[in-house]
Amino acid sequence: MDDISCYRCRLFYLRPSTNPDKQAEAACEVLAGTEGVLLAAPTSAQSIHLIYSLNHLSFELLTDLLTELGFELDKSILLCLRNTIFQFLEDNARENMHVNVADFEVPCESSNQVPNQSTDKYWDDYR
């Protein structure tokens with residue numbers, strides 16, 4: 001099993017529709033067979049709970065897929081802002097997935113002595 005940091009749990013909100021083919025349950029049936037989707041469950045008639053792997057999918061790819069399949073996403077201002085943040089975070093995470101953090105660690109040279117200056121030196125700088 002992959003590292004848990006490679007998985008994302010997100011809610012997708014659909015535009016309200018009276019057509020059952022355009023509601024969350026129908027979208028979950030379509031997404032359930034997609035590679036990389038671990039869970040696709042409707043939380044209401046207009047919202048979908050998805051758990052997916054960043055190795056295969058991204059938030060942006062899933063929103064594009066839902067739109068391409070004919071599902072209309074809710075485009076309220078707060079949801080658009082939230083979606084933009086999710087896309088940024090996931091793009092950043094996908095770019096850095098295979099970076100080894102240990103390569104960037106700098107050994108810390110600890111010193112038992114804290115450097116200090118006399119109070120006269122402090123005032124001399126301002127005179």
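Side chains are part of it too, since the values below use all heavy atoms of this structure and drop only hydrogens, waters and symmetry mates.
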Is there a donor-acceptor pair closer than 3.5 Å between any side-chain N or O of Arg15 and the backbone N or O of Gln46?
no
How about CD1 on Ile77, more than 12 heavy atoms from neighbouring residues, nucleotides or ligands closer than 6.0 Å, or not?
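Counting other residues, nucleotides and ligands, CD1 of Ile77 stays at 12 neighbours or fewer.
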Answer yes when Arg10 and Glu90 have at least one side-chain N-carboxylate O distance shorter than 4.0 Å, and no when they do not.
yes
Rounded to the nearest 0.5 Å, how far does CG of Asn96 lie from CG of Asn92?
5.0 Å
Rounded to the nearest 0.5 Å, what separation is found between the CG atom of Leu65 and the CZ atom of Phe12?
9.5 Å
For Gln23, side chain to side chain donor-acceptor pair (under 3.5 Å) partners two or more places apart
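Partners of Gln23 by the side chain to side chain donor-acceptor pair (under 3.5 Å) criterion come out as none, since no residue qualifies.
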Go through the steps for Tyr52 and Phe59 under the test ring pair (Phe, Tyr, Trp, His ring centres under 6.0 Å), then give the verdict.
CA-CA 9 Å; Tyr52 56 93; Phe59 187 83; 7.4 Å; no
Would a 4.5 Å heavy-atom cut-off, applied to side chains only, mark [X] and [Y] as touching?
X: Leu54; Y: Arg8; value: yes
X: Gln87; Y: Ser58; value: no
X: His49; Y: Cys9; value: yes
X: Leu39; Y: Leu50; value: no
X: Leu66; Y: Thr63; value: no

Side chain to side chain contact (heavy atoms under 4.5 Å, CB included) between Thr67 and Leu73, intermediate numbers included
CA-CA 7 Å; Thr67 303; Leu73 296 172; 4.1 Å; yes
If two hydrophobic side chains count as joined below 4.5 Å and joins carry through other members, does [X] share a cluster with [Y]?
X: Leu57; Y: Tyr13; value: no
X: Leu11; Y: Leu89; value: no
X: Leu79; Y: Leu62; value: no
X: Val37; Y: Ile48; value: yes
X: Phe88; Y: Leu61; value: no

Looking only at non-hydrogen atoms, find the nearest pair between [X] and [Y] and report the distance.
X: Ala41; Y: Cys28; result: C-SG, 3.4 Å
X: Ala24; Y: Ser47; result: CB-O, 3.4 Å
X: Ala26; Y: Pro20; result: CB-O, 3.7 Å

